[in-house]
Amino acid sequence: GTLPPEIGQLTQLTKLGFGINNLQGPLPNSMSNLVNLELLVLSENELLDGPVPDNGFASLTSLNEFVFTTTALSGTISSQICNRSASLVEARVDCGEIECDCCRGPGAQGPCTR
């Protein structure tokens with residue numbers, strides 16, 4: 001199935017795990033409204049495609065763990081997320097399709113894997 005735009009109304013949500021759920025289609029831009037989200041897992045959804053939301057999840061200031069592996073997502077994860085290295089626990093993305101500053105840069109020891 002697809003993620004409906006109404007998911008952005010769940011603004012108090014702190015954890016969202018949709019790994020291995022046969023999701024397809026793009027992520028709704030309304031996901032940027034999930035400002036209390038600490039964990040976001042979208043891995044193993046090969047038909048989940050399109051760009052990450054417009055602001056690259058920059059508004060998700062509580063996000064400290066995200067996994068976007070084995071998807072067809074594209075675009076850029078905001079550098080603001082990766083620059084919060086003190087609070088970033090884990091970041092795993094398919095760096096070939098998604099640009100993520102956690103994966104590069106001087107001294108990049110980030111938890112992001114390729």
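Each residue takes its place number in the sequence, starting with 1. This structure is a prediction, so every number in the text was calculated from the model and none was measured.
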(message) Per the side-chain hydrogen bond (donor to acceptor under 3.5 Å, both in side chains) rule, what does the pair list look like for residues 18-36, sequence neighbours excluded?
(response) N29-D54, S32-N55
(request) Any pair with a residue in residues 40-51 that passes side-chain hydrogen bond (donor to acceptor under 3.5 Å, both in side chains), sequence neighbours left out, goes on the list, sorted by first then second residue, please. (result) E44-T70
(request) For T76 and S78, indicate whether the former's side chain and the latter's backbone hold a donor-acceptor pair under 3.5 Å. (result) no
Is there a chain of hydrophobic side chains (I, L, V, M, F, W, Y, each step under 4.5 Å between heavy atoms) that links [X] to [Y]?
X: V52; Y: I7; answer: yes
X: L40; Y: L34; answer: yes
X: L13; Y: L39; answer: no
X: L10; Y: L16; answer: yes

(message) side-chain contact (heavy atoms from CB on, under 4.5 Å), that's the test. Do L3 and L23 meet it? Break it down for me.
(response) CA-CA 7 Å; L3 291 174; L23 292 177; 4.2 Å; yes
(request) May I ask you to list the residues sharing a hydrophobic cluster with L47, side-chain cutoff 4.5 Å, ordered by chain and number? (result) none
pair [X]-[Y]: side-chain heavy atoms closer than 4.5 Å:
X: E38; Y: E65; value: no
X: F66; Y: V89; value: no
X: M31; Y: F57; value: yes

(message) Measuring from atom CG of L63 to atom OG1 of T14, what distance do you get when rounded to the nearest 0.5 angstrom?
(response) 11.5 Å
(request) Could you go through the side-chain contact (heavy atoms from CB on, under 4.5 Å) check for F18 and L48 one step at a time? (result) CA-CA 11 Å; F18 282 126; L48 191 62; over 6 Å; no
(request) Please report the closest heavy-atom contact between T71 and L42, naming both atoms and the distance. (result) CG2-O, 3.3 Å
